[in-house]
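One structure below.
Keep in mind it's a predicted model, so treat the numbers as computed, not measured.
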Amino acid sequence: EDLKPLVGYLSAEDQEAVERGVHSAFEAHDGQKRKSGEPYIIHPVAVAMILAELKMDVHSVIAGLLHDTVEDTDRLTFVSIEEKFGPTVRRIVEGETKVSKVSSKVRAGAGSGSAERKADNAANDLQQMFLAMTEEVRVIIVKLADRLHNMRTLGHMPPHKQKSIAEETLQVFAPLAHLLGMNRVKDELEDLSFKYKEPETYAETVRWLDELSTSQQEVVLTAQKVLTDAFEKDKFLNLLVTRIEVTPSTIGPFEVQQRVLEKNTSLIDVREVAQLRIVAEMRQSADGNVYGTETQMCYHVLGLVHAMWPPIPGRVKDYIATPKPNGYRSLHTTVMPVGSQGSQDIFPIELMIRTSDMDHVAEVGISAQGSVIADWHRVVTSGSTADVSDNVVDDLVTGVNWLRSIRDWQSEFLGNLSPREFVDTITGDLLGKKVFVYTPQGEILTLPKGSTVVDYAYHIHTDVGNRMVAAKVNGSLAAPSQTLSNAEVVEIITYHGPPSIKAYQMHKQWVNNAFTRSARHKLYRYLSEFEKALERSGMDVSDLEVEDSEDGSLDDAEFFSGERELASGGTFFTEDVSGNGTKVAEDRAKKFSPEDALELEISCNDRIGMLAEVSTIIAKYGLLVLAYSGGVNEKLGQSVMRYRLSPRNSTEYQLERMCEQLISVPGIISWTCRCTTQEVPAALAGNDLSSSVDEGDTKENDTEE
């Protein structure tokens with residue numbers, strides 16, 4: 001009966017299906033009890049109620065009712081669920097059960113074995129859950145509803161269980177709710193976890209928060225009335241909206257404690273807890289625009305607020321122009337409500353300005369688009385957005401990008417990483433705090449806070465990271481160790497030739513500069529493949545070792561002195577790209593014939609002494625200059641030097657070393673070398689280093705690897 005009024009948003013046919021699901025759950029769990037002594041059926045019905053409050057689709061609600069039936073009873077099977085409720089419900093229940101089976105094994109072995117063993121089992125549990133998400137995305141939301149109700153009833157568990165479950169919830173489930181934009185669920189999970197993980201600190205925080213809220217109430221209510229009166233008197237605003245509400249609130253205990261930890265301060269120093277939420281209902285018209293857009297309305301309200309109370313510098317955040325990756329849109333500003341009557345106690349108040357639609361999405365996230373949630377499975381697994389309405393495609397694709405990342409990591413890392421390493425990669429790189437940056441095309445990308453340009457390159461695509469030679473941040477060359485900040489524009493400079501010794505040495509140094517686990521794993525794989533190729537060619541990897549600088553990175557001035565570092569000739573180990581399978585320069589001691597002639601073309605930035613330096617290097621390796629010509633490439637704005645050389649008795653190895661030294665000359669951008677009588681070694685088929693990542697590269701997500 002409690003569930004029935006909550007599913008009124010569903011069609012009559014769907015409501016009848018939910019009722020059948022309730023009966024099936026009652027029959028399956030008949031006679032079972034929870035640890036509290038209550039009938040077990042209370043739990044699945046409560047999970048279904050949470051899903052109904054989120055306005056989830058009928059399949060998710062039914063799956064919430066049946067999520068424990070196959071694992072905990074012998075009265076239903078996956079086949080019978082599919083026969084009664086269809087393949088979608090089966091898929092969701094199967095995903096839930098796949099995770100729970102691993103959990104039961106962990107609990108069964110919890111009494112024996114080392115702490116290390118228990119940690120590995122727990123990691124395996126989480127790994128199975130992450131992989132199940134990618135097969136059916138609604139598994140995540142049903143699992144969150146399941147975890148939320150379990151946290152609400154956690155008081156019946158022993159203290160050590162309470163703490164371990166709370167820690168897992170903070171590490172995994174609350175961040176997952178945040179990724180989905182389900183802030184209402186996230187906030188409750190965080191506060192409940194804080195309550196059971198640190199009960200004494202939680203109680204102290206709640207007491208302080210209550211006292212502070214009470215002391216600030218007069219100023220907050222006065223500010224609320226001042227704003228309400230100002231909005232009612234504004235004629236333009238009344239043309240845009242049918243109603244506008246100003247609602248006071250405070251941040252939760254968990255967030256208060258996070259501020260204490262982040263600022264390394266005491267609880268009594270945290271005074272900025274008051275909030276005012278301004279939510280407006282837009283006026284509708286036949287053409288949709290006669291009364292203005294929701295964006296215009298929000299900015300107008302922001303202007304009214306700032307006309308009364310100037311904002312605190314640096315505390316205005318525009319999540320409408322740049323929405324959060326989880327779809328959150330709102331304007332935030334923090335003001336000092338000076339002039340409020342009745343109190344001398346003035347403190348900052350955070351204001352959030354949004355429409356009613358934005359507010360709904362801010363509360364329940366992706367589940368706000370209940371009609372679209374069914375398209376997630378197809379979009380995530382196939383990448384196709386066919387038959388999805390245009391106005392939700394962008395939100396849908398944005399919302400599932402992080403799921404695609406898990407799928408990509410699964411295919412790339414699953415066989416190479418232990419369950420614990422896999423879970424650490426996801427929880428560290430995906431569920432931690434974020435920083436957002438722009439691509440040169442204006443696309444917003446989010447990375448874990450602390451990421452460097454190396455992490456950015458590998459986030460775009462593994463191949464982009466493998467081909468990176470330099471990076472620019474806000475138009476200036478950046479060091480590989482530079483940590484990215486919000487709203488920076490990042491550009492990756494790449495080369496398009498085969499791997500080289502110089503590339504190997506640079507990427508080996510980048511391991512020290514990669515912040516994310518995923519980037520480090522990709523770097524290790526690149527280096528491992530390179531070293532295996534070297535061994536096949538008979539070279540000793542130890543010959544390529546480079547000394548680390550004191551801080552573990554290459555000298556910035558040397559490393560990013562321009563787009564010139566990777567055109568070395570040290571790619572003799574690479575297989576011929578023509579596909580004939582022969583190794584390049586297998587006989588690297590072979591000398592050129594006296595009849596051979598080499599054509600060397602160098603692109604460079606013109607400067608005094610360039611010609612002399614190049615000629616000296618050519619002479620050093622025993623080559624004779626037969627002819628020389630120079631000019632300017634007007635299109636690229638670069639100088640071009642063309643040499644016709646006689647290799648005389650030089651070997652291919654000497655020629656490779658010469659080209660490698662040429663590219664170290666400041667100002668040289670790229671080179672090509674051709675033989676007029678025999679094919680030049682592929683290692684000398686120089687490459688252009690000035691190629692930037694194009695728009696297509698930025699949209700790849702390792703899907704073609």
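- T247 meets the side-chain hydrogen bond (donor to acceptor under 3.5 Å, both in side chains) test with no other residue; sequence neighbours excluded.
- Listed by chain and number, the residues in a ring pair (Phe, Tyr, Trp, His ring centres under 6.0 Å) with Y319 are Y328, H332 (sequence neighbours excluded).
- For E188, the side-chain contact (heavy atoms from CB on, under 4.5 Å) criterion is met by L148, R152, L192, not counting sequence neighbours.
- The side chain to side chain donor-acceptor pair (under 3.5 Å) contacts involving residues 192-208 comprise nothing, where partners must be two or more places apart or lie in separate chains.
- A donor-acceptor pair under 3.5 Å is absent between the side-chain atoms of E281 and the main chain of V241, judged by distance alone.
- Residues M49 and H149 form no side-chain contact, since every pair of their non-hydrogen atoms from C-beta on lies 4.5 Å or further apart.
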For this session: For side-chain contact (heavy atoms from CB on, under 4.5 Å), just list the numbers for H43 and Q32, CA-CA rounded to whole Å, side-chain angles, deciding distance to a tenth of an Å, and then say yes or no.
Result: CA-CA 11 Å; H43 172 64; Q32 293 181 332; over 6 Å; no
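- The salt bridge (Lys or Arg N to Asp or Glu O under 4.0 Å) pairs that include a residue from residues 24-35 number zero, where partners must be two or more places apart or lie in different chains.
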Show me, pair by pair, the donor-acceptor contacts under 3.5 angstrom made by side chains of residues 78-88, not counting sequence neighbours?
unit_1	atom_1	unit_2	atom_2	d
S80	OG	T77	N	2.8
S80	OG	T77	O	2.8
S80	OG	T77	OG1	3.3
E82	OE1	R90	NH1	2.8

Exercise. For V279 and R354, what are the C-alpha separation, side-chain angles and deciding distance, and is it a side-chain contact (heavy atoms from CB on, under 4.5 Å)?
Worked result: CA-CA 5 Å; V279 180; R354 58 182 75 141; 4.2 Å; yes
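- Between the side chain of S213 and the main chain of D210, no donor-acceptor pair closer than 3.5 Å is present.
- You'll find the side chain of R91 reaches within 4.5 Å of the side chain of R138, heavy atoms only.
- Under the rule for a side-chain contact (heavy atoms from CB on, under 4.5 Å), the partners of S11 that lie at least two apart in sequence or sit in another chain are E13, D14.
- Qualifying side-chain hydrogen bond (donor to acceptor under 3.5 Å, both in side chains) partners for Q275, counting only residues two or more places apart in sequence or in other chains: S249, E350.
- The CD atom of E262 sits 10.5 Å away from atom CD of Q257, with the distance rounded to the nearest 0.5 Å.
- Among residues two or more places apart in sequence or in another chain, the side-chain hydrogen bond (donor to acceptor under 3.5 Å, both in side chains) test is passed with T333 by H306.
- Residues satisfying the side-chain contact (heavy atoms from CB on, under 4.5 Å) test with P5, not counting sequence neighbours, are none.
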Problem set entry | Evaluation steps, side-chain contact (heavy atoms from CB on, under 4.5 Å), between L66 and S24 | CA-CA 8 Å; L66 305 178; S24 295; 4.0 Å; yes
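- A donor-acceptor pair under 3.5 Å links the side-chain atoms of H67 to the main chain of G64, judged by distance alone.
- If you take CZ on R20 and CG on L65, they are separated by 12.0 Å, rounding to the nearest 0.5 Å.
- In this structure, G252 and L209 approach most closely via the heavy-atom pair C-CD2, 4.1 Å.
- Annotation: side chain of E245 is not in contact with side chain of I278 (no heavy-atom distance under 4.5 Å).
- Between R259 and E272, some side-chain heavy-atom pair lies under the 4.5 Å cut-off.
- Counting heavy atoms from C-beta on, the side chains of L176 and K143 never come closer than 4.5 Å.
- Annotation for L10 and V58: closest pair CD2-N, 4.1 Å, computed over non-hydrogen atoms.
- Nearest heavy atom pair, residue A63 against residue I92, reads CB-CG2, 3.5 Å.
- Put simply, the side chain of D318 reaches to within 4.5 Å of the side chain of L331, judged on heavy atoms.
- Residues A177 and L144 approach most closely at CA-CD1, 3.9 Å, considering heavy atoms.
- For the salt bridge (Lys or Arg N to Asp or Glu O under 4.0 Å) with E363, the lone residue among K55, K186, R277 that qualifies is R277.
- The side-chain hydrogen bond (donor to acceptor under 3.5 Å, both in side chains) test applied to E38 returns S36, not counting sequence neighbours.
- Counting heavy atoms from C-beta on, the side chains of I320 and M358 come closer than 4.5 Å.
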Exercise. After noting the C-alpha distance and the side-chain angles of V45 and D2, does the key distance pass the side-chain contact (heavy atoms from CB on, under 4.5 Å) rule?
Worked result: CA-CA 9 Å; V45 170; D2 292 334; 5.7 Å; no
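- One distance of note links OG1 of T516 with CG of L447; it measures 8.0 Å at 0.5 Å rounding.
- Between I50 and M56, every side-chain heavy-atom pair lies at or beyond the 4.5 Å cut-off.
- Atom-to-atom distance recorded for H29:NE2 and Y40:OH is 6.0 Å, nearest 0.5 angstrom.
- Taking every heavy atom of both residues into account, P248 and L221 meet most closely at CG-CD2, 4.5 Å.
- Under 3.5 Å, the side chains of S60 and D57 contain a donor-acceptor pair of N or O atoms.
- Closest non-hydrogen pair, Q15 versus G8, comes out as NE2-O, 3.8 Å.
- Partners of A52 by side-chain contact (heavy atoms from CB on, under 4.5 Å), not counting sequence neighbours, listed by chain and number: L3, L6, V7, Y9.
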